[in-house]
Amino acid sequence: MSVWFNPARELDALLRKVAPSVAGLDASFQPELRPSDPRHADFQSNGAIAAAKKAKANPRALATALVDALKASGELDESLVQVEIAGPGFINFKLTPKALGAWLREYRDESKWRAGAARIMGGRKVVIDYPSPNTAKQMHVGHLRPIVIGEAVARLIEFCGADLVRDNHIGDWGTNFGILILGIKRAGFQLDARSPTALEDLERLYKEGSALTKADPAQLDAARAELARLQQGDAASLALWTEIVAVSNAACQRIYDQFGLKTDVILGESFYRDKVDQVYAELQQHGLAEESEGALVMWCDEEPRFSRHAETKMPFIVRKKDGSSNYASTDLATLLYRAEHFKADEVVYVTDGRQQDHFQQLFLNGAKWFKETNRKLPRLRHVWFGTILGEDGKAIKTKSGDPVRLQELIDEATERAYVAVTEKNPDLPEAERRAIAKAIGVAALRYVDLSSNRTMDYSFSWTKLLAFEGNTAPYLMYAVVRVRSIFRKNGIEPGQGEAGATDPETPTEIALARKLLGFTAALDQALEDLRPHHLCTYLHELAAAYGAFYAADSVLVEDPAVKARRLMLCARTTAIMECGLRLLGIEPVERM
RNA sequence: GUUCCCGUAGUUCAACGGAUAGAACAUUGGUUUCCUAAACCGAGGAUGUGGGUUCGAUUCCCGCCGGGGACACCA
């Protein structure tokens with residue numbers, strides 16, 4: 001038997017294969033294989049309990065019969081996997097030290113893990129839509145989430161074998177531009193893209209205009225009229241618009257650079273300005289959209305919430321009554337472009353949770369449209385996240401006071417990290433301490449955001465975002481530093497000095513080895529619902545397992561076999577930690 | 001009002017219907033002639049509430065209480 005990359009997946013397949021030969025089971029048997037509490041086993045299968053109920057059999061007896069069939073199949077090497085029945089009928093699988101050692105020798109670097117993980121999304125064309133900010137605003141703390149979550153999700157998808165296009169779908173064609181252009185005209189403002197305060201000026205004008213439109217409906221109509229003029233191709237409006245977008249994109253890019261974010265294309269809403277007419281035409285031609293109160297709308301009568309008969313009407317407005325496009329129009333056009341031009345098998349939208357209704361409508365209406373026009377609909381997923389709340393428990397918004405600027409947050413995190421690095425490592429050159437501080441500061445920020453389930457809201461807190469202890473990025477990075485230090489001290493690179501390595505033996509070695517194998521399960525889990533926090537949890541557990549191993553078992557010992565196997569554990573730990581950190585967008589450092 | 005999320009230690013968060021609900025911070029006791037103590041080992045402390053389904057519920061269903069979001073031309 002060759003060494004399995006993902007034992008849970010293989011055991012699941014084996015159980016399914018032998019199930020039909022067991023009385024009371026058939027091919028529909030679901031093993032429900034999952035990682036187990038390590039106090040009991042490495043993996044457990046709970047399927048026999050449910051199946052026994054269905055077959056009116058004794059669950060333990062059925063589990064026993066299943067295990068007997070598994071052993072009789074000859075495909076299970078019991079020197080590698082031990083099986084036993086526990087409790088009401090759990091089947092527990094425990095990997096032996098021999099299996100752990102074999103895995104560590106076989107799956108030694110990123111190319112091997114990538115090959116193993118490619119079964120998850122290999123060969124699929126995926127378009128991911130992030131961070132997609134609205135233009136003409138400075139990035140504030142609220143922009144942290146789409147950048148950080150989007151980047152992590154993108155890297156995870158790519159790691160698991162997908163052919164990925166990162167599309168920054170910026171909001172550059174909406175009413176915000178009507179408000180802004182109106183404000184510029186009202187103030188007689190001369191926009192100079194080279195001015196260092198250009199973006200601040202735009203933001204101020206936008207805020208003033210936004211306040212006016214809220215106070216006075218006539219101003220809102222005037223802003224809409226400005227937008228309509230822009231969308232109709234007015235030359236002066238377009239010239240101004242071009243300059244605003246340039247200023248905005250340059251400012252965003254400075255933030256992206258610091259987060260290591262690289263998008264492949266920037267196809268904002270404006271890119272689809274000449275593609276929406278086709279959408280309107282097709283929707284009307286196929287009777288999918290209709291006039292309502294002057295606008296062109298779509299209903300989903302099959303979904304009560306979006307039905308025309310709903311108590312509170314929520315139509316999908318694809319064209320406004322003044323003829324201009326909106327979010328829905330451009331998103332439909334964008335969907336078509338991604339399906340036809342990029343040949344996407346899957347489209348992933350990374351936005352905040354307040355847009356859930358919009359995306360449900362987009363997916364439902366998009367599906368109807370594609371069906372009517374005989375097109376293949378990509379799999380559509382909305383990766384949404386909760387809001388960063390202010391002290392008042394409400395979303396941090398530009399309108400209610402100034403939220404913290406993202407750059408300010410990065411600078412503060414970097415400065416705090418610099419103080420810590422200087423205290424711990426005063427002998428390092430200044431430039432290196434600065435570089436390390438920047439890496440740690442940005443990493444700490446992004447890890448806070450990634451480490452909790454993305455659907456949760458959380459309150460903004462300097463203390464929390466700048467924490468360097470506990471389940472934080474510096475803790476994980478420190479584990480890497482300590483591993484690398486061992487190799488540096490020994491004058492070798494990770495991966496060297498492993499010849500003659502024996503199987504893990506001490507409790508801490510075995511615990512670390514099992515945790516290393518857990519990488520495969522962590523990837524599966526993070527990919528299933530595109531939730532990076534599962535990877536964070538795993539990396540934290542791995543770092544903790546390494547910490548315990550490091551404290552209990554000296555690596556640089558006399559016995560060559562012991563030393564070799566511990567060097568192997570160290571090498572795998574740092575490799576998986578570094579790989580996992582990079583998937584989260586965090587660049588590890590050599591020392592700190 | 002309709003509808004969608006969310007309620008877990010003092011705090012911030014985990015737990016794909018499974019075994020004794022797991023971490024971190026804070027509190028508290030210990031560990032350094034030894035590979036980076038930004039570390040390690042230990043202690044105390046939690047499922048809003050009332051029903052239901054299930055062999056088994058933090059998880060699924062219903063009611064209530066509490067927080068947040070969306071709801072006709074913002075994105």
Side-chain angles (χ1 to χ4, degrees), chain A residues 32 34-37 39-40 44 46 49-50 52-53 59 86-90 92 132-134 171 173-176 178-179 210 213 220 224 269 292-297 304-305 310-315 317-322 324 326-328 330-331 351-358 360 384 386-387 389 393-395 420-421 423-425 440 448 451-453 455-459 461 463-464 467-472 474-475 477-479 481-490 524-525 528-529 533-534 536-537 540-541 544 547-548 550-552 554-557 566 570 591-592:
Chain A
E32 290 183 43
R34 66 194 54 194
S36 173
D37 183 326
R39 282 170 296 194
H40 303 114
Q44 61 177 322
N46 304 331
I49 303 173
K53 185 178 168 63
F90 303 129
N92 284 345
S132 311
N134 276 335
W173 207 238
T175 303
N176 53 333
I179 293 171
S210 180
T213 55
L220 184 56
R224 284 178 184 145
E269 289 164 356
S292 173
E293 298 177 25
L296 187 65
V297 308
R305 297 174 55 208
E311 194 166 333
T312 304
K313 303 264 189 295
M314 289 215 287
I317 298 170
V318 298
R319 188 179 62 201
K320 301 197 269 189
K321 66 183 169 197
D322 66 6
S324 50
N326 67 359
Y327 197 22
T330 49
D331 265 0
T351 80
D352 76 87
R354 287 175 292 189
Q355 299 181 36
Q356 284 178 88
D357 285 342
H358 168 79
Q360 277 186 29
W384 62 274
T387 316
L389 306 172
K394 305 271 184 189
V421 175
E423 188 190 323
K424 305 285 175 191
N425 256 318
I440 292 175
V448 169
S451 60
S452 67
N453 194 330
T455 56
M456 299 282 289
D457 291 345
Y458 67 84
S459 298
S461 140
T463 322
K464 178 178 182 166
F468 291 170
E469 284 169 10
N471 184 9
T472 63
Y475 177 81
M477 296 168 87
Y478 183 63
V481 162
R482 292 209 292 180
V483 181
R484 299 208 72 103
S485 178
I486 290 176
F487 286 100
R488 204 166 47 237
K489 208 125 212 163
N490 211 26
D524 276 346
Q525 225 179 350
E528 186 173 349
D529 290 321
H533 80 280
H534 286 122
C536 294
T537 303
H540 180 247
E541 287 170 358
Y550 183 88
S554 293
V555 177
L556 304 179
V557 294
R566 290 185 182 167
C570 286
R591 37 186 142 228
M592 60 189 271

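The shown structure was predicted, so the numbers you read here are calculated from the model rather than taken from an experiment. Note: hydrogens, waters and symmetry copies are ignored here, and every other heavy atom, side chains too, is used.
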* Where are the stems of RNA chain B, defined as at least 3 consecutive Watson-Crick or wobble G-U pairs with both distances under 3.5 Å? -> B:1-7 with B:65-71, B:10-13 with B:22-25, B:27-31 with B:39-43, B:48-52 with B:60-64

* Mind running side-chain contact (heavy atoms from CB on, under 4.5 Å) on A:T537 and A:Q525 for me, showing each step along the way? => CA-CA 11 Å; A:T537 303; A:Q525 225 179 350; over 6 Å; no

* To do: Establish whether the base of B:A75 is bridged to the side chain of A:T175 by a donor-acceptor pair shorter than 3.5 Å.
  => no

Provide a list of protein-nucleic acid N or O atom pairs under 3.5 angstrom, restricted to nucleotides 21-28 of chain B.
| unit_1 | atom_1 | unit_2 | atom_2 | d |
| --- | --- | --- | --- | --- |
| B:A24 | O2' | A:N471 | N | 3.3 |

* To do: Take atom C1' in B:G67 and the same atom in B:G29, then report the distance between them in whole Å.
  => 38 Å

* Would you mind classifying the nucleic acid contact of A:K489 as base, sugar-phosphate or nothing, using non-hydrogen atoms under 4.0 angstrom? => sugar-phosphate

* Mark yes or no for whether A:R34, through its side chain, and A:Q44, through its backbone, hold a donor-acceptor pair below 3.5 Å. => no

* Of all the nucleotides listed (B:A39, B:A38, B:A70), which has the minimum atom distance to the side chain of A:F468? -> B:A38

* Nearest heavy atoms of A:N425 and A:M592, plus distance in Å -> ND2-O, 2.5 Å

* To do: For B:A46 versus B:A15, give the span between their C1' atoms, rounded off to a whole number of Å.
  => 14 Å

* Asked: Below 4.0 angstrom, N of the basic side chain to O of the carboxylate: do A:D322 and A:K320 qualify?
  -> no

* Asked: Which part of the nucleic acid does A:A479 contact within heavy-atom distance under 4.0 Å: base, sugar-phosphate only, or nothing?
  -> nothing

* Asked: Touch check for A:V421, heavy atoms < 4.0 angstrom, all strands: base, sugar-phosphate only, or nothing?
  -> base

* Gap in Å between the two P atoms, one belonging to B:U11 and one to B:C16, rounded -> 23 Å

* To do: Check every strand shown and say whether A:G174 touches a base, only sugar-phosphate, or nothing at a heavy-atom separation below 4.0 Å.
  => sugar-phosphate

* By nearest nucleotide on RNA chain B, pick out whichever of A:S292 and A:S452 is the more 5' one. => A:S452

